[in-house]
Amino acid sequence: MEKLTAQNLATFIDQLSKQNSYQYLNPKNRGLISVELVELPEGPIRFRRWNPSNGENRESNKSVTISSQMLWRLANAIKPHQPINVDRIFGASYNSRSVLEALLAHTPQFYFCYPGRIESINTKTNIQKGHKHIIWNPDSPHENGVTVLAETDVVISEIPALEVYYDSLVLPDPVEGVKLDIEIQRRHAQIQVALYFIGKQLGYKTWIAQNDKGILYQNKRLGEFDGIIPRLEDEVLIRSHADAIKAALLIDCIWFKNGRLMPAVMEIEHSTGVTSGLTRMKHFKDRFPPFPTRYVVVASDNDRKKVIQESAKPLFQDLNVKFFPYSAVEELYALCQKRKLKGITEEFLDCYMESMEN
């Protein structure tokens, strides 16, 4: 198992005794934690916390939850044998992050450690004692219910976290009879904007779904941005395939390059369910001559399991679907905002996309 999921983390914590109490990893925190209920497969997790030094006991405070979203966010950051700073993953979000950290450290596959930290002041570089991390060592489990310090030679040089910035946007008028939550529409549009700017920096022209070209971003319609294809009939690669053009009109995003390449066909699945996007891509593929490209579902990290299940259905297997999670989209978008990328090949995209092939 090279990649953890929220289901894995929930299962690990569910194996801890519900009768026991567990200490925080920070020795200055004298509080205790108990697990009340783990709702499988992927949370939420109910727990209680209290501080005996303040006269509290297990029943003093109400139970609190660790959400499925929180589990997914941490699971997506964990790699085997690589120290993870939980506070850094969550930033200032979630006041239960130290609880999740402590509970995982009590499970057999997780250890805690203090990797060295590179500190540079002027021209001098020193290795200082590092901050507390947890580390996933799946091949050397320890006893359940206890924490174990792992010795590590890893040294960490911390860099500022990449942040993604979206300007304000105005959504087009909704289609009559279609009601979608405004925040779902906004998130869908933000990811569409990110895909456009990623494509632009990689030298691609971008097709945006016909009904989304009216999105106002930076006081301009998305369809008016440089590099947005106004009409598919004008794109050399596809213009002689009328049925394929018709099938592509409502596909969220297609990248074209040099009139000869089509690096990716992408559906953003934040609102309509995975099946509808897969169906649109399948209709397009069936109406376009065999051509090397990537058929990609862009969705929340939490929807990975759903994407795997739906793309494995016989109807969609010939798409060889790739999963482009929001976290990877925004990591790449943040990199594009920070750096001017040059000399990038199409294969670079595969570093950010996960194959859904069995």
Side-chain angles (χ1 to χ4, degrees), residues 172 188-215 217-218 220-269 276-299 311 316 318-324 326 328-330 332-333 335-337 340-356:
H188 184 282
Q190 287 172 337
I191 296 298
Q192 228 164 356
V193 166
L195 292 173
Y196 158 68
F197 280 108
I198 291 169
K200 183 181 179 184
Q201 191 158 144
L202 296 181
Y204 303 153
K205 293 171 66 179
T206 301
W207 167 257
I208 292 292
Q210 191 69 48
N211 56 337
D212 292 326
K213 284 187 166 64
I215 294 171
Y217 189 71
Q218 297 175 343
K220 186 164 68 172
R221 294 185 185 277
L222 196 53
E224 299 171 353
F225 275 70
D226 180 46
I228 294 289
I229 298 168
R231 293 171 7 109
L232 281 170
E233 291 86 345
D234 299 332
E235 183 57 38
V236 174
L237 189 64
I238 196 175
R239 66 186 178 191
S240 60
H241 305 284
D243 288 344
I245 289 174
K246 185 177 180 180
L249 288 177
L250 296 182
I251 288 179
D252 287 321
C253 180
I254 305 177
W255 282 334
F256 293 93
K257 185 177 181 180
N258 299 333
R260 297 180 291 105
L261 301 174
M262 187 166 60
V265 178
M266 293 174 282
E267 274 291 327
I268 303 166
E269 297 302 350
S276 59
L278 288 170
T279 301
R280 275 192 291 273
M281 291 193 293
K282 173 65 174 172
H283 285 170
F284 173 73
K285 184 178 189 299
D286 289 346
R287 288 157 180 77
F288 192 67
F291 194 84
T293 188
R294 298 164 182 79
Y295 289 95
V296 183
V297 173
V298 185
S311 62
F316 305 124
D318 66 334
L319 292 175
N320 296 323
V321 171
K322 289 184 178 292
F323 177 46
F324 199 3
Y326 285 176
V329 172
E330 295 190 318
L332 182 53
Y333 181 33
L335 183 61
C336 290
Q337 288 180 319
K340 182 67 174 176
L341 302 182
K342 296 180 180 180
I344 300 298
T345 65
E346 283 186 50
E347 288 71 22
F348 175 72
L349 293 171
D350 295 325
C351 300
Y352 291 85
M353 299 177 183
E354 180 183 353
S355 175
M356 294 288 98

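From a predicted model like this one, the values you see are computed outputs, not experimental measurements.
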Any idea which heavy atoms bring [X] and [Y] closest together, and the distance?
X    : Y    : value
P289 : H241 : CG-CE1, 3.3 Å
L278 : E269 : N-OE2, 4.3 Å
V296 : F324 : CG1-CB, 3.5 Å
Q192 : I215 : OE1-CD1, 3.8 Å
P230 : W207 : O-CZ3, 3.9 Å
Q201 : C336 : NE2-O, 2.9 Å

Would you give the length of the straight line joining atom [atom1] of [X] to atom [atom2] of [Y], rounded to the nearest 0.5 angstrom?
X    : Y    : atom1 : atom2 : value
D318 : Y295 : CG    : OH    : 8.5 Å
K285 : F316 : NZ    : CZ    : 13.0 Å
I254 : I208 : CD1   : CD1   : 9.5 Å
Y333 : I198 : OH    : CD1   : 8.5 Å
L232 : K246 : CG    : NZ    : 14.0 Å
L195 : K200 : CG    : NZ    : 15.0 Å

Any [X] side-chain heavy atom under 4.5 Å of [Y] side chain:
X    : Y    : result
Y352 : V329 : no
D212 : H188 : yes
I245 : F284 : no

Backbone of M262 reached by a side-chain donor or acceptor of T293 within 3.5 Å: yes

Derivation and outcome, salt bridge (charged side-chain N to carboxylate O under 4.0 Å, His left out), residues R280 and E267: CA-CA 8 Å; R280 275 192 291 273; E267 274 291 327; 2.9 Å; yes

Salt bridge (charged side-chain N to carboxylate O under 4.0 Å, His left out) partners of residues 247-266, not counting sequence neighbours, each pair once: none

Listed once per pair and sorted, the salt bridge (charged side-chain N to carboxylate O under 4.0 Å, His left out) pairs that draw on residues 225-244, sequence neighbours left out: K205-E235, R231-D234

Electrostatic pair K213-E224, nearest N-O below 4.0 angstrom: no

Aromatic plane relationship, F288 with F291 - under 30° parallel, 30 to 60° tilted, over 60° perpendicular: perpendicular

Side chain to side chain contact (heavy atoms under 4.5 Å, CB included) assessment of R294 paired with E346: CA-CA 10 Å; R294 298 164 182 79; E346 283 186 50; 3.2 Å; yes

Aromatic contact, Y196 with F225 (centres under 6.0 Å): yes

